[in-house]
Protein chains: 2
Amino acid sequence: MTAPSDDAPPRRAGRPRADARSVSGDPTDEILAAASRLIGELGVGGTPMSRIAQEVGLKQSSLYYYFRRKEEILAALVARANVVPLELLAAISADGDAPAVQLYRFVRADAVALCALPFDINDIHRIAMRDPVEFASYWKERASLERQLATIVRRGTAEGSLRKVDARLTALTLLANDEGAQNWFRLGSKWSTAAIGGHLAELAVAGLLVDPADLATTRRRADELDART
Amino acid sequence: MTAPSDDAPPRRAGRPRADARSVSGDPTDEILAAASRLIGELGVGGTPMSRIAQEVGLKQSSLYYYFRRKEEILAALVARANVVPLELLAAISADGDAPAVQLYRFVRADAVALCALPFDINDIHRIAMRDPVEFASYWKERASLERQLATIVRRGTAEGSLRKVDARLTALTLLANDEGAQNWFRLGSKWSTAAIGGHLAELAVAGLLVDPADLATTRRRADELDART
DNA sequence: CCACTGTTTCGATGGGGCATCGAAACAGGC
DNA sequence: GCCTGTTTCGATGCCCCATCGAAACAGTGG
């Protein structure tokens, strides 16, 4: 996914696996895929390395040839998870519409993206907080996200379309809302991700707009831009 | 806290502790206090039973005389944490003001209460989700909370003061927002709990009100009611 | 005063997860 | 056919959770 380049490293053969199945692709990717799925079902704490190894046809200790520690697997997972909202924000910023429209689009798409994740982002957040080294790039990217969002909010208040709120606090709150939603809606909720995203965006933007009459036009404009695909 | 009655059970003496310190109060309470503090610092996963035992002057295995499993300690902690918002909602409902005012008061106070918790409520949520038996009463109380909140929202939309939103989805979102906020603001944030609670309440209510001109009066009325103490 | 009983605590132990280490088992080049 | 680098394994050590049987006390009744 991240590296479409087929510059596969030599991949010389080593000791054959005990479970003599064919090695389909890059073991690293297979491990990440298995880990993602298992952690989604069982949670981080409920997913032992031995289970992941079993899933890809390796013994437990063999995983440590590809990842030094369990957290390194988690870091790789969230790294991919962070790319989406960042690209999202870049695209939205490039379109350069009214702040309210940008926020609406971001909140909605971010919530949808988060709810579509196979695992619980907050679960990994918790571990990442205790390990700033391993997750350094994650936190850096997240800080960037927060700053960019705050900038949009600040522009909105400056031009008078948004209520006078603390931009940084608001940015953090918006992100926290999306993440909080994922917590509750990831698994079989009665609502679709689209419904949830729309609801969150609506609530957030309506809460920020000075004139709520702008809500309808904001939504329409956001729909229009997002519909281009 | 929960039982102000001083009907202390006999507390006959048993084998003396290796660490021969005086046993101040009910060991159960001491254990919960220590666990709460440690888990707040180190997280659930980072707090071994041995550390809790050490804190109260017991050996690891002795903890199991008071709690069968680690989760039982967590359940006891969240049980106390759930009482606050329920009583809050009861009090607010008893006052019986406009839906917007009730929501404002609840969101603000709930956020403040959550941020004041010594441990990470989401961390325990995650474990509680995997153990519906041990945390049965917790989930029951939470469902009640959700239902009551939804009722308030429904009243608001019915009488026309609030926008037409899905009441249940909105209720869950409000709770999720508070919890998401606790996630980010519990530890040394640059904002006070009061600022965070106010911000969340403001954002939520503004997002729900049909006429945002009501926001100021809603806030004033909420302040007035909460000031009675 | 002494056994007996119930309460509280301990030590030992088993099971399981994470991580490390040295060696085994291969493919390919010389 | 031997040497080298790659990949995998098994054994091991440490930590954590939980259980079990026994130890160490305070009271009570004789």
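So you know, we letter chains A, B, ... as the sequences are listed, proteins then strands, and number each from 1. Computed over heavy atoms, backbone and side chain alike; hydrogens, waters and symmetry mates excluded.
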Worksheet item: With ring centroids as reference points, do B:H125 and B:Y138 lie under 6.0 angstrom apart?
Response: yes

Donor-acceptor pairs under 3.5 angstrom involving side-chain atoms of residues 166-175 of chain A: please list them, not counting sequence neighbours.
unit_1 : atom_1 : unit_2 : atom_2 : d
A:D166 : OD1    : A:R168 : N      : 3.0
A:D166 : OD1    : A:L169 : N      : 3.0
A:D166 : OD2    : B:W191 : NE1    : 3.3
A:R168 : NH1    : A:E146 : OE2    : 3.2
A:T170 : OG1    : A:D166 : O      : 2.7
A:T170 : OG1    : B:H199 : NE2    : 3.0
A:T173 : OG1    : A:L169 : O      : 2.7

Response to the item:
With sequence neighbours left out, the residues meeting ring-ring contact (aromatic ring centres under 6.0 Å, His included) with B:F67 are none

Discussion item. Regarding B:Y104 and B:E202, do their side chains bring together a donor and an acceptor under 3.5 Å, going by distance alone?
Written reply: yes

Fill in: Angle of first-five versus last-five pair axes in the helix from C:dC1-D:dG30 to C:dC30-D:dG1, to 10 degrees
40°

Discussion item. Among residues 51-72 of chain B, which ones have heavy-atom contacts with DNA chain C below 4.0 Å?
Written reply: B:L58, B:K59, B:S61, B:S62, B:Y65, B:Y66

Discussion item. Do B:R126 and A:W184 form a cation-pi contact, if we require the NZ or CZ to be under 6.0 Å from the six-membered ring centre and within 45 degrees of the ring's axis?
Written reply: no

Listed pairs, N/O of protein and of nucleotides 25-27 of chain D, under 3.5 Å:
unit_1 : atom_1 : unit_2 : atom_2 : d
D:dA26 : N3     : B:R12  : NH2    : 3.3

Worksheet entry | Electrostatic pair B:D95-B:R228, nearest N-O below 4.0 angstrom | yes

Fill in: Under-4.0 Å salt bridge between B:R108 and B:D226
yes

Discussion item. Looking at B:D123 and B:R186, is any side-chain nitrogen of the basic one under 4.0 Å from a carboxylate oxygen of the acidic one?
Written reply: no

Worksheet item: Which residues pass the side chain to side chain donor-acceptor pair (under 3.5 Å) test with A:E55, sequence neighbours left out?
Response: A:R37, A:R51

Worksheet item: What is the distance, rounded to the nearest whole Å, between atom CG of B:D19 and atom P of C:dT9?
Response: 12 Å

Worksheet entry | Shortest non-hydrogen contact from B:I52 toward B:A35 | CD1-CB, 3.9 Å

